[in-house]
Amino acid sequence: MKYLKQFFIILGVSFAGEFLGRQIPLPIPGSIYGLVIMFVCLFTGLIKVSDVKETSRFLLDIMPCLFIPAAVGLMEQWGIIKGSLPAYVVIVLVTTVLVMGVSGKITEFLMKKGEKK
Amino acid sequence: MNDLFSGSVFFGAFLSLLFYEAGLFCKRKWKHPLANPLLIAIALTIAFLVICRIDYGTYYEGAKYISYLLTPATVCLAVPLYEQISLLKKNARAILAGITAGVLTSVVLILILSLLFGLSHAEYVTLLPKSVTTAIGMAISEKLGGYPSLTAAVIIITGVCGSILAEPVCRLFHIKDPVAKGVGIGTASHAIGTSKAMEMGDVEGAMSGLSIAVAGVITVIMAAVFSGFY
C-alpha cells in the first residue's frame with residue numbers, strides 16, 4: 001500500500017495548495033503554495049522523504065509529458081499569434097538565451113566568490 | 001475522424017504518450033538539442049490532429065487527465081529541493097541574486113524589444129511575464145491589461161525553447177556548476193525547462209524547481225513596476 005499512501009499525501013498537499021490559491025488574492029497558483037507547503041512539511045519533519053519518495057520520483061519523471069496537452073492547445077491560438085509572429089519569435093529566443101545565461105552566470109560567479117572568503 | 005474519437009477519455013492521453021515515446025526514440029537516435037522529446041510530441045500531435053481533422057476539444061477530453069497531474073508533480077519539486085537543502089543554505093544569497101538578475105534581464109529586454117518592434121502597450125504587458133509559470137503569468141497579464149491566453153501561449157513557447165536550449169546555453173556561457181545551471185534554466189523557462197533540468201541531474205532539477213517559485217514571485221512585483229514604463 002506504499003504507493004497509495006504516498007499518492008494520498010501528495011494529493012493532500014496539492015489540495016491544501018489549491019485551497020490557499022483560491023483564498024489568497026494574489027496571482028500565485030495553488031501548485032506554488034503546494035510546493036511551499038510540501039517543503040515546509042519536509043523541513044519540519046511532518047512528512048518524511050520516505051513517505052513520498054517513489055511516487056514523487058514517478059511524477060517528476062513523467063513531468064515533461066504533462067505539458068503536451070497545454071502546448072497542443074497552441075493550435076487553437078494560432079489566429080492571435082500569427083499577427084506578430086516574427087517579433088514574438090525574436091523576443092522569445094533572445095530573452096530565453098540571455099535570461100538563462102545571465103542568471104546562471106551570476107549565480108556561479110557569486111558562489112565562487114563566496115567560497116574564496 | 002472527429003466522430004470516431006469524440007467521447008473517448010483515453011484517446012487524447014494515449015496519443016500524447018505515443019508521440020512522446022516517438023520523441024524519446026528520436027532523442028536516442030540523434031542526440032541533437034532539436035531532437036527534444038517534448039517538441040517532437042507537440043509537433044506530431046498537432047500535425048496528427050490537423051491532418052485527421054480532429055478538434056482540440058476531442059483530444060482534450062482524454063488529454064486533460066495528463067494535465068491533472070501537473071499540480072501534484074509541481075508539489076513534488078519540493079522533494080529534490082529538500083534533499084539538496086545543504087547546497088541551498090550554503091548558496092542562498094548567490095541563488096537569490098542570480099534569480100533576481102535573471103528576472104530583471106527578462107523585463108528590461110522585453111521593454112527594449114517591444115520599443116524596437118513598435119508593439120502596443122497591451123502586447124508589451126502580455127509579454128512581460130513570459131518567463132514565469134503559466135498560472136502566475138496569466139494572472140499578471142490579466143491584471144496589467146494584456147491578453148492572458150496569448151501570454152499562456154508565449155509562456156509555453158518560451159518553456160519549450162528553454163528545454164531545447166538549456167544545454168547549448170550552458171555551454172555557450174561556460175556555466176559548469178549544477179546549481180547555477182538549475183537557477184538559469186528555472187528562471188528563464190519555468191516548469192517546462194525544469195523538466196529538462198531534472199533530466200540533467202538532481203541538483204539542476206532541484207534548483208530549477210526553486211527558481212520557478214522565486215522568479216514567479218519577483219516577476220509579480222517587477223512586471224507591475226515595468227508596466228508603467230511603456
Side-chain angles (χ1 to χ4, degrees), chain A residues 10-11 13-14 17-18 26-32 34-39 42-43 49 52-53 56 59-60 62-77 80-81 84 87-88 90-108 110-111 114, chain B residues 16 20 38 41-42 45-46 56 60 63 66-67 69-79 81-82 91 94-95 97-99 101-102 105-106 109 113 117 127 131 135-136 139-140 150 153 156-158 161-162 165 169 173 175 177 180-181 183-185 187-189 192 195 198 213 216 220:
Chain A
I10 292 166
L11 279 189
V13 174
S14 305
E18 181 191 45
L26 289 173
I28 294 170
S31 57
I32 300 292
L35 196 164
V36 174
I37 295 169
M38 181 64 97
F39 188 78
L42 289 167
F43 191 74
V49 171
V52 289
K53 181 90 184 168
S56 69
L59 285 170
L60 292 174
I62 63 166
M63 204 171 172
C65 300
L66 307 182
F67 295 104
I68 299 172
V72 171
L74 291 176
M75 64 189 272
E76 299 259 276
Q77 309 268 328
I80 54 168
I81 301 174
S84 304
Y88 294 155
V90 172
I91 291 174
V92 166
L93 283 176
V94 170
T95 54
T96 306
V97 169
L98 286 177
V99 171
M100 200 180 283
V102 166
S103 55
K105 204 67 205 171
I106 287 187
T107 308
E108 193 170 63
L110 291 175
M111 282 172 68
Chain B
S16 309
Y20 192 77
L38 180 61
I42 296 164
T45 309
I46 292 181
Y56 180 68
Y60 196 68
I66 306 184
S67 302
L69 290 173
L70 209 48
T71 298
T74 308
V75 168
C76 289
L77 287 169
V79 179
L81 183 60
Y82 175 70
N91 301 303
I95 293 169
I99 298 172
T105 308
S106 176
L109 278 175
L113 291 168
F117 283 109
L127 292 174
S131 291
I136 297 184
I140 293 174
L150 182 54
I156 292 167
I157 298 171
T158 301
C161 258
L165 295 170
V169 168
F173 284 83
I175 301 168
D177 186 277
K181 284 184 185 175
V183 168
I185 297 168
T187 306
S189 52
I192 302 183
S195 60
M198 281 280 162
V220 171

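So you know, we letter chains A, B, ... as the sequences are listed, proteins then strands, and number each from 1. Just so it is clear, the model here is predicted, and its values are computed rather than measured. Side-chain atoms are counted along with the backbone in the values below, which use heavy atoms only and exclude waters and symmetry mates.
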Validation row: [X], [Y] side chains within 4.5 angstrom (heavy atoms):
X        : Y        : result
A/Glu18  : B/Thr71  : no
A/Thr107 : B/Lys181 : no
A/Ile32  : A/Pro29  : yes
B/Leu127 : A/Tyr88  : yes

Please look at [X] and chain A and tell me whether the side chain, the backbone, both or neither of the residue comes under 4.5 angstrom of a heavy atom of that chain.
X        : value
B/Val220 : side chain
B/Val169 : side chain
B/Ile66  : both
B/Phe117 : side chain
B/Ile95  : both
B/Thr187 : both

Give me the atom names and distance for the closest heavy-atom approach of [X] to [Y].
X        : Y        : value
B/Ala73  : A/Leu66  : CB-CD1, 3.7 Å
A/Met111 : B/Asp177 : CE-OD1, 3.4 Å
B/Gly184 : A/Ser103 : CA-OG, 3.3 Å

In terms of heavy-atom pairs under 4.5 Å with chain A, which of [options] leads?
options                                : value
B/Ala139, B/Ser131, B/Gly216, B/Ala188 : B/Ala188
B/Leu81, B/Leu38, B/Leu70, B/Ile42     : B/Leu70
B/Ile99, B/Ile140, B/Leu113            : B/Leu113
B/Thr45, B/Leu165, B/Thr158            : B/Thr158

Given heavy-atom pairs under 4.5 angstrom as the criterion, report whether the side chain, backbone, both or neither of [X] touches chain B.
X       : answer
A/Val94 : both
A/Phe43 : both
A/Leu11 : side chain
A/Ile62 : side chain
A/Glu76 : side chain

Of the listed residues ([options]), which shares the most heavy-atom pairs with chain B below a 4.5 Å separation?
options                             : value
A/Ser14, A/Ala70, A/Gly17           : A/Ser14
A/Ile91, A/Ile106, A/Leu74          : A/Ile91
A/Thr96, A/Leu110, A/Leu42          : A/Leu42
A/Thr95, A/Leu59, A/Val72, A/Val102 : A/Val72

Donor-acceptor pair, distance only, cut-off 3.5 Å: does the side chain of [X] make one with the backbone of [Y]?
X        : Y        : answer
B/Tyr56  : A/Pro69  : yes
A/Ser56  : A/Lys53  : yes
B/Ser106 : B/Gly102 : no

### Message
Working to the nearest 0.5 angstrom, can you tell me the gap between A/Gln77 CD and B/Ile156 CD1?
### Response
8.0 Å
### Summary
Rounded to the nearest 0.5 angstrom, the CE-CD1 distance for B/Met198 and B/Ile185 is 11.0 Å
